[in-house]
Amino acid sequence: QLQASGGGLVLPGGSLRLSCAASGFTSDRFAIGWFRQAPGNQREGVSCISSIGGITYYADSVKGRFTASRDNAKDTVYLQMNSLKPEDTAVYYCGAVRMGRGSWDRCVAGSGMDYWGKGTLVTVSS
């Protein structure tokens, strides 16, 4: 299973670091994606990071502000979020997909994930 944590209330322009901890499976064989869902909106993909961290994807809306990283020794993936904006307010989720044919497309699209975690709420407000 996956557990996202690190959300909270932050001022516009501030930073937060989210964590996604995996348990019950070997996360270094999985790409991990971050997704978010704001009230009244559909879930959208934010970022993906490959199994060993060599490849990353970012949505245009967060490119240059968010950075994904992972520590496979700790089975944990991080999302560093800087220069936060009110429109970043959402529940953030992480998901895992086993690396293989088509897995990167699945991560970017957020479909066909093998594991999903419960979300963590990020609120950007003054």
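FYI, side chains are in, hydrogens and waters are out, and symmetry mates aren't considered; it's all heavy atoms of this structure. Everything quoted here is computed from the prediction, not taken from an experiment.
- Other residues, nucleotides and ligands contribute over 12 non-hydrogen atoms within 6.0 Å of the CG atom of L121.
- In terms of heavy atoms, S50 sits closest to M99 at CB-CE, 4.3 Å.
- Nearest heavy atoms, L16 versus L84: N-CD1, 3.9 Å.
- Residues F30 and T26 come closest through the heavy atom pair CD1-O, 3.2 Å.
- Without hydrogens or angle criteria, R106 side chain to G112 main chain gives a donor-acceptor distance under 3.5 Å.
- Enclosure of atom CD in Q1 is not indicated, since only 12 or fewer non-hydrogen atoms of other residues, nucleotides or ligands lie within 6.0 angstrom.
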**Step-by-step side-chain contact (heavy atoms from CB on, under 4.5 Å) determination, V77 to I49** = CA-CA 9 Å; V77 172; I49 185 167; 3.9 Å; yes
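- Across A59 and G45, no two heavy atoms sit closer than the pair CB-O, 3.4 Å.
- The shortest side-chain heavy-atom distance between R70 and S27 falls under the 4.5 Å cut-off.
- Proximity of a side-chain donor or acceptor of T120 to a complementary backbone N or O of S5 within less than 3.5 Å is not detected.
- Note that NZ of K63 and OG of S47 are 10.5 Å apart. Values are rounded to the nearest 0.5 Å.
- Through side-chain heavy atoms spaced under 4.5 Å, either directly or across other Ile, Leu, Val, Met, Phe, Trp or Tyr residues, I55 is tied to Y57, W104, V108.
- Residues W34 and V97 are members of separate hydrophobic clusters, defined by side-chain heavy-atom contacts under 4.5 angstrom among Ile, Leu, Val, Met, Phe, Trp and Tyr.
- Remark: C48 SG to I32 CD1 distance equals 9.0 Å, nearest 0.5 Å.
- A heavy-atom distance below 4.5 Å is found between the side chains of P86 and P12.
- Remark: D71 pairs with no residue by the salt bridge (Lys or Arg N to Asp or Glu O under 4.0 Å) rule, at least two apart or across chains.
- The side-chain heavy atoms of S23 and D75, taken from C-beta on, include no pair separated by under 4.5 Å.
- A96 and L2 make their closest contact through N-CD1, 3.6 Å (heavy atoms, listed as atom of the first residue, atom of the second, distance).
- With values rounded to the nearest 0.5 angstrom, D28 atom CG is found 5.0 Å from N72 atom CG.
- In this structure, the separation between OG on S51 and CZ on R29 is 10.0 Å, given to the nearest 0.5 Å.
- Note that CZ of R98 and CG of D114 are 7.0 Å apart. Values are rounded to the nearest 0.5 Å.
- In terms of hydrophobic clustering, with Ile, Leu, Val, Met, Phe, Trp and Tyr side chains grouped at heavy-atom distances under 4.5 Å, Y115 and M113 are assigned to different clusters.
- T89 places no side-chain N or O within 3.5 Å of a backbone atom of E87 that could act as its donor or acceptor partner.
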**Request:** List the steps, then state whether salt bridge (Lys or Arg N to Asp or Glu O under 4.0 Å) holds for D88 with R36.
**Result:** CA-CA 9 Å; D88 294 317; R36 66 187 181 186; 2.9 Å; yes
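- In this structure, V122 and G7 approach most closely via the heavy-atom pair CG2-CA, 4.0 Å.
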**Item:** Pair M81-S15, side-chain contact (heavy atoms from CB on, under 4.5 Å): steps then yes or no
**Value:** CA-CA 5 Å; M81 306 188 297; S15 298; over 6 Å; no
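- Hydrophobic clustering of Ile, Leu, Val, Met, Phe, Trp and Tyr side chains at less than 4.5 Å, counting indirect connections, unites V10 with V62.
- Taken from OG1 in T67 to CG in N82, the straight-line distance is 6.5 Å, to the nearest 0.5 Å.
- Legend: ring-ring contact (aromatic ring centres under 6.0 Å, His included) pairs involving residues 61-97, not counting sequence neighbours: none detected.
- Put simply, F25 and W116 are part of two different groups of oily side chains (I, L, V, M, F, W, Y) that touch within less than 4.5 Å, one to the next.
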